[in-house]
2 protein chains.
Amino acid sequence: MTAEGKAVTTPASPPLTERQEARRRRILHASAQLASRGGFDAVQMREVAESSSVALGTLYRYFPSKVHLLVATMQDQLQHMHTTLRKRPPAAEEPAARVAETLMRAFRALQREPHLADAMVRALTFADRSVSPEVDTVSRLTTAIILDAMGLDAPPTAEQLSAVRVIEHTWHSALITWLSGRASIAQVKIDIETVCRLIDLTAPPESSGSRRS
Amino acid sequence: MTAEGKAVTTPASPPLTERQEARRRRILHASAQLASRGGFDAVQMREVAESSSVALGTLYRYFPSKVHLLVATMQDQLQHMHTTLRKRPPAAEEPAARVAETLMRAFRALQREPHLADAMVRALTFADRSVSPEVDTVSRLTTAIILDAMGLDAPPTAEQLSAVRVIEHTWHSALITWLSGRASIAQVKIDIETVCRLIDLTAPPESSGSRRS
DNA sequence: GGATAATGTAGAACAAGTTTCAGACTTGAT
DNA sequence: ATCAAGTCTGAAACTTGTTCTACATTATCC
């Protein structure tokens, strides 16, 4: 069960026309493309505008800052990842192992586009208050992915949610250290596995009455 | 025992003259001052230069970028914190509790200067590869503080070091969520306490032969 | 003490994010 | 079809990090 029934996708403000939806999509595509080339710095607003055949002013109407744009790009990518992951759920038995497996899978996907990862993650952690809603959406998506991986058969306890938050913290920060070349891939793997141990630690007692098969 | 016998402080490149040391200090002071006012954005290189009576070019000779400057500022502040913390070591018995207590103390210090915290932490996570050495120094300092708090009587095991790394990840990322208004102080406290449980989890077996008093 | 290299100064110049504005184009309602 | 409101465009302007240049000051070495 995903954390939210609502579509995490749609802030549903004013409904966009078709042409507008298309523009938005072009912009996000250009953003991801440029990011894939050279990371955060390579995503230059003028280039994104030109690349997506949109005036600079329009770009700024759709995404009020570069960080907004990149966080939206991340939302987009995460959505893909989420659906991809749902298709082949992790194989392991234990929740902790399942989460670790899922995150490592995501990590390998990021390794294929390290520059894109750089742009998205840097934007995410650099975001200030004005981007909070968008960053929060990303966070909820990530939480949903992790909870999915845990494969709980009861709603998560408060303790488990704390563990998930800590896992998210570790995930983001470990990515940063990797992206900035201060930690190896192996290191990141160890950190993920280490933090996932918290899941076992916070599992509710096996036979305490509220378990469902 | 601190993680390093070497002075984490001194990269010891070319020894600075007295006037140079003074300049450097003026710059760091101005940086912290401006950061305290308005956070990352308020630290404008021209203002730092003027504020510390140094030409812009000179500022850039001392700190090759704004991020370098702010990371150095953080180094500076951390050093203070470390010596302050050493004076009154945490009271708790258990290593996990001691670390949590220490981090919460640090957190309260940051709360007193939230804008400064903002500037330093944002710079830290935004830093790219060119700042890796400096960021690494900060990381080593943080590790030292945590290890100190654990009060081990034997050198930390590899497992414990992993736990410490995860704690650091959580610490940075939790700070970010707090600074960007997406998590409350209480939330950060819970996250810290949650992650600190990893310390118990990775403690070496009590009476396994390599214990000292 | 003077030559010489390194360091510092002032200020212009450049780059990229962001804002602004006048005019052209769409859209939706009548 | 027409009008008003909202949207998009192109281009210039503005801000702040960063670089560059020509000249002054300081430090070092003989």
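Throughout, a chain's letter reflects where its sequence line sits, starting with A, and its residues are numbered from 1. None of these values were measured; they are calculated from a predicted model.
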Inset, instruction - Tell me, please, which residues at least two apart from A:F40 pass ring pair (Phe, Tyr, Trp, His ring centres under 6.0 Å). - result: B:F126

Inset, instruction - Examine distances only and state if a side-chain atom of A:Q160 and a backbone atom of A:T157 form a donor-acceptor pair shorter than 3.5 Å. - result: yes

Inset, instruction - Provide, to the nearest angstrom, the distance between the CD atom belonging to A:E50 and the P atom belonging to C:dA16. - result: 14 Å

Legend entry - Check: B:E168/A:S173 side-chain N/O donor and acceptor closer than 3.5 Å: no

Inset, instruction - Let me know the distance between CZ of B:F40 and P of C:dG17, rounded to the nearest Å. - result: 14 Å

Inset, instruction - State whether B:R46 and B:E50 are salt-bridged, where the test is any N-O pair (Lys NZ or Arg NE/NH1/NH2 against Asp/Glu carboxylate O) under 4.0 Å. - result: no

Legend entry - Separation of atom CZ in A:F63 from atom P in C:dT19, rounded to whole Å: 16 Å

Inset, instruction - In plain terms, say whether A:R25 and A:D76 are close enough for a salt bridge, that is, a side-chain N and a carboxylate O under 4.0 Å apart. - result: yes

Inset, instruction - Ignoring backbone atoms, test whether A:R46 places a side-chain nitrogen or oxygen under 4.0 Å from the OP1 or OP2 oxygen of C:dG17. - result: no

Inset, instruction - Using atom NE2 of A:H68 as one end and atom C1' of C:dG17 as the other, report the distance to the nearest whole Å. - result: 14 Å

Inset, instruction - Verify, without hydrogens or angle tests, whether B:T202 (side chain) and B:I199 (backbone) share a donor-acceptor contact under 3.5 angstrom. - result: yes

Legend entry - Distance in angstrom units between A:Q44 CD and C:dC14 P, rounded: 17 Å

Legend entry - Position toward the 5' end of DNA chain D (nearest nucleotide), B:M45 or A:R61: A:R61

Inset, instruction - Using a heavy-atom cut-off of under 4.0 Å over every strand shown, decide if A:V43 touches base, sugar-phosphate, or nothing. - result: sugar-phosphate

Legend entry - Qualifying residues under side chain to side chain donor-acceptor pair (under 3.5 Å), relative to B:E193, sequence neighbours excluded: B:K189

Legend entry - Contact nearer the 5' end of DNA chain C, comparing A:R19 with A:L56: A:L56

Legend entry - Nearest-angstrom distance from the residue atom CD of A:Q20 to C1' of C:dT26: 10 Å

Inset, instruction - Establish whether the base of C:dG8 is bridged to the side chain of B:R23 by a donor-acceptor pair shorter than 3.5 Å. - result: no

Inset, instruction - Identify the 5'-most and 3'-most nucleotides of DNA chain D with at least one atom closer than 4.0 Å to a non-hydrogen atom of chain B. - result: D:dT16 to D:dA27

